[in-house]
Amino acid sequence: MGYALSGAIAGIRGWSMGQARDLKPPSQVSEIYGSLAFNDSVQQARLPKAVYQALRDTITKGSTLESSTADAVASALKDWAVEHGASHYTHWFQPMTGITAEKHDSFYSPTADGKSLAEFSGKELVRGEPDASSFPSGGMRSTFEARGYTAWDPTSPPWLLMNGNSATLVIPTAFVSWTGEALDKKTPLLRSMEVLSRQAVRALKLFGVPATRVTATCGPEQEYFLIDRTFYFNRPDLINAGRTLFGARPPKGQELEDQYFGAIPERVLAYMAEVETELYKVGVPIKTRHNEVAPSQYELAPIFESMNVATDHQMMTMETLKRIAPKYGLACLTHEKPFAGVNGSGKHVNWSMGDDLGNNLLNPGATPHDNMQFLFFCTAVIRAVDTFQGLLRMSIASAGNDHRLGANEAPPAILSIFLGDMLTDIFEQVEKGGAKSTKSGGLLDIGVSSMPKLPRDAGDRNRTSPFAFTGNKFEFRAVSSNQSIAYPATCLNVAVAESLDFMCGELEAAVAKGTAVADAVAGLLKTTVKKHKRIIFNGNGYSQEWQKEAAKRGLLNHKNTVDALPELVTPLVVKTFEKFKVLNERELHARYEVSVETYNKVINVEAQLMTLMANRYILPAALEYQRQVAASVAAVKQAGGVSREGKKLLARLVKLVDQFRVQTDTLEKALDHTTPSLEKHAKYMRDKVVPAMVRLRELGDQLELMIPHASWPLPTYREMLFIK
């Protein structure tokens, strides 16, 4: 332990004396932004006009990409990449592992004269062929059915990965099996965006808006922890599980609330600056950085983009955070709950819809009570979240997020919508047959004559809400820091598309019978709000009263992943996904199996790690300290004295060590469980293994507080969270 602490301090000193001195001022963002991305400006400059227009039609209108266009794009893309030093390209995809995957192929092929030539065809751009049986597939692929394809996604710009002495062209792709079934997270996301666009355009036509395409937009925030790498490498649990399985709470945690928005430490700020520079180069629009609530916790956030591009950029952001950290002697932790007793990390997904005329469909305007189009789309979201609350809860379920949700730092597991005072008032009036509100923000007078009056929003914010309206968008706050946003985004798109489909059908039927559009909308909003208003809640989501109230309202409360996952394969969800051709029943059941199996594997890995750490780290230290105390008591006795306090300490220590040894054996035996049923095994892991892990941690943390610091074999929270 002494070595770990001294190593961390030496690392900080070495960084501050060396690397900080060598840091260069950051480049102007305008000079570097998008410099490593094959974005629209590069495409326009390098592609023939007809090819460029055909590609833009594919991106903006969904037109079919012809092979001749693909060949021309591939040639320009290869030339651009090679000019930047790239020797390889990769089809970058997002399998159901939750992370990204890539296989690098060289541009260069040998020629007859003993040289080489860089070649890249439209066929190579459009399609790759990884081994589909080596990724999670939920039974859709097996070893003897290994063929899978990566398919180029033209809507997401290719970019260059610069890493040391290599440069690689990264081509965002979807991943499907030889049978055409989706094996990834991007394919259903793209399908869901198409479905949402069709239904939203259908709704806009009823309001006389000539839009032809609607894009789901997204701005995902990212919370993460940074600790010194020396500590990280001395914690087997952080290396293999991403979170601490043992660790007593420090005397000071986040109680003083002095971390949030505090001054960013020098080393961390230098790290953030380089992360942002690298992300700017590939076109990720990072906007915000700050200290988060927990010590050593931070956040960065981008501005809005198309949901598909935002998903790719979010995965790139996580990879960049982890890739840059070692240069500063740091380790980046994106687990939902790496440290017990302090806040965990989320990934708030800010979601909205925009049409191709430049309008945000969730912008209430200056007088939202008169904005029937806004009220229509907002009502559709309310109906969607209520109808598909189980699906949305499932979309953010994981073993890691089980530690975070509802822990007085993150939204509860109960799905509800926060609208704020003004919108809630408006929808109450809608239910009564009108749409008026006297509530407004007005101006905020701070009470200092030299300071201007501030425009005030019409409603406060609610950090306990899992799904909150925040001005012109909804914020899905329950999404976890470690997951791809593609899954919850897909589920949200499908839920809202189904809601729009239903409401458009009702309106079209009413108009066909001769009802005026305005009257039909007013009537539909009234009945829909009345039926689904139970999902609206503006109060304290952490309170016990809300738990009881939610139960009375009939809202779901899936407190853990095992309970939440079956929501993916309910008849309503299967019917809806199949209706819109986003995922078929086989693809949904495959994802359910992958999720259940992942839960089982995560708990199994963590439990095995706990027994390893107990037997090889904590028990030896505890037994050695027990020997030292016993020797001290015996020495006092031999000298003719009586060590009463020593005997008490020894007795307490012996009892605690024995309990720890017994509980270690209990956990180890609990892992000896087999059943052919994934679901039964998951319930067993939840009901038997997880409680055994909790009890073992309690005992281990008590030992940490007894054993001398110099003898404790693991970096403690005191060091990891506060040495920066």
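Side chains of S398 and N401: no donor on one and acceptor on the other come within 3.5 Å. For K473 and T470, the side-chain atoms include at least one donor-acceptor pair closer than 3.5 Å. A donor-acceptor pair shorter than 3.5 Å cannot be found between the side chains of K186 and T311.
Nearest heavy atom pair, residue S306 against residue M193, reads OG-CE, 3.6 Å. Nearest heavy atoms, A380 versus L500: CB-CD2, 3.6 Å. Counting all heavy atoms, side chain and backbone alike, T244 lies closest to A340 at OG1-N, 4.3 Å. The two residues H313 and P285 come nearest to each other via the heavy atoms ND1-CD, 3.9 Å. The heavy-atom pair separating P220 from P302 by the smallest distance is O-CD, 2.9 Å. Smallest separation of non-hydrogen atoms from D184 and F175: OD2-N, 2.8 Å.
A heavy-atom distance below 4.5 Å is found between the side chains of F374 and L423. Looking at heavy atoms from C-beta onward, P295 lies out of side-chain contact with N291 at the 4.5 angstrom threshold. Inter-residue side-chain proximity for T387 and L572 is flagged as met; some heavy-atom pair is nearer than 4.5 Å. Counting heavy atoms from C-beta on, the side chains of P364 and N371 never come closer than 4.5 Å. Looking only at side-chain heavy atoms (C-beta outward), I535 and I382 come within less than 4.5 Å of each other. Using a 4.5 Å heavy-atom cutoff, the side chains of R586 and H589 are not in contact. Taking the side chain as every heavy atom from C-beta outward, F377 and Q373 approach each other to under 4.5 Å. Side-chain atoms of L507 and V521, non-hydrogen and from C-beta on, do get closer than 4.5 Å to each other.
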For this session: May I have the step-by-step check of side chain to side chain donor-acceptor pair (under 3.5 Å) for K185 and T490, ending in yes or no?
Result: CA-CA 9 Å; K185 296 180 181 291; T490 297; over 6 Å; no
Exercise. Could you go step by step and tell me if L492 and F467 meet the side-chain contact (heavy atoms from CB on, under 4.5 Å) rule?
Worked result: CA-CA 11 Å; L492 181 56; F467 201 88; 3.8 Å; yes
Exercise. Can I414 and F537 be said to form a side-chain contact (heavy atoms from CB on, under 4.5 Å), step by step?
Worked result: CA-CA 11 Å; I414 304 168; F537 177 66; over 6 Å; no
For this session: Show the numbers, then the answer: is there a salt bridge (charged side-chain N to carboxylate O under 4.0 Å, His left out) between R289 and E276?
Result: CA-CA 9 Å; R289 64 187 182 209; E276 290 173 356; 2.6 Å; yes
Exercise. Do K579 and E498 pass the salt bridge (charged side-chain N to carboxylate O under 4.0 Å, His left out) test, and can you show the C-alpha distance, the side-chain angles, and the key distance before you say yes or no?
Worked result: CA-CA 9 Å; K579 174 183 178 180; E498 189 279 337; 5.9 Å; no
For this session: Check step by step if salt bridge (charged side-chain N to carboxylate O under 4.0 Å, His left out) holds for E194 and R213.
Result: CA-CA 9 Å; E194 291 289 329; R213 194 171 184 85; 2.7 Å; yes
Problem set entry | Working for side-chain contact (heavy atoms from CB on, under 4.5 Å), residues F476 and L392 | CA-CA 9 Å; F476 195 1; L392 296 177; 4.2 Å; yes
Problem set entry | Worked check of salt bridge (charged side-chain N to carboxylate O under 4.0 Å, His left out) between R202 and D501 | CA-CA 8 Å; R202 179 183 168 194; D501 178 44; 2.6 Å; yes
For this session: Just do the side-chain contact (heavy atoms from CB on, under 4.5 Å) check on R686 and D563 with the steps written out, would you?
Result: CA-CA 10 Å; R686 177 196 64 191; D563 289 342; 2.8 Å; yes
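The structure places OG of S416 at 8.0 Å from CZ of R553, a figure rounded to the nearest 0.5 Å. To the nearest 0.5 Å, atoms CD (Q199) and CZ (F502) are separated by 13.0 Å. Note that CD of Q483 is 7.0 Å distant from CD1 of I396, once rounded to the nearest 0.5 Å. Considering CG of N560 and NE2 of H558, their distance stands at 9.5 Å, rounded to 0.5 Å. Atom CZ of F225 is separated from atom NE2 of H335 by 11.5 Å, given to the nearest 0.5 angstrom. To the nearest 0.5 Å, the span separating OG1 on T527 from CG on L525 amounts to 8.0 Å.
Here the side chain of K337 pairs a donor or acceptor atom with the backbone of V342 at under 3.5 angstrom. E587 contributes a side-chain N or O that, together with a main-chain N or O of A182, makes up a donor-acceptor pair within less than 3.5 Å. When atom types are taken as modelled, the side chain of S156 and the backbone of D153 share no donor-acceptor pair closer than 3.5 angstrom. A donor-acceptor pair under 3.5 Å is formed between the side chain of S481 and the backbone N or O of T334. Under the 3.5 Å distance criterion, the side-chain polar atoms of T173 are matched with a main-chain donor or acceptor of W92. Not one N or O on the side chain of R243 forms a donor-acceptor pair closer than 3.5 Å with the backbone of L333. No donor-acceptor pair under 3.5 Å is formed between the side chain of N308 and the backbone N or O of L190. Under the 3.5 Å distance criterion, the side-chain polar atoms of S465 are left unmatched by any main-chain donor or acceptor of I417. Within the 3.5 Å criterion, the main-chain N or O of L555 finds no donor-acceptor partner in the side chain of Q389. A donor-acceptor pair is defined here as one N or O able to donate and one able to accept, closer than 3.5 Å; no such pair exists between the side chain of N493 and the backbone of L196.
None of L361, N360, N359, T215 except one satisfies the side-chain contact (heavy atoms from CB on, under 4.5 Å) rule with M353; the exception is L361. Just one residue in the list E223, E336, Q297 forms a side chain to side chain donor-acceptor pair (under 3.5 Å) with S345, and that residue is Q297. Considering K531, K533, R534 as possible partners of D386, the one that fulfils the salt bridge (Lys or Arg N to Asp or Glu O under 4.0 Å) test is R534.
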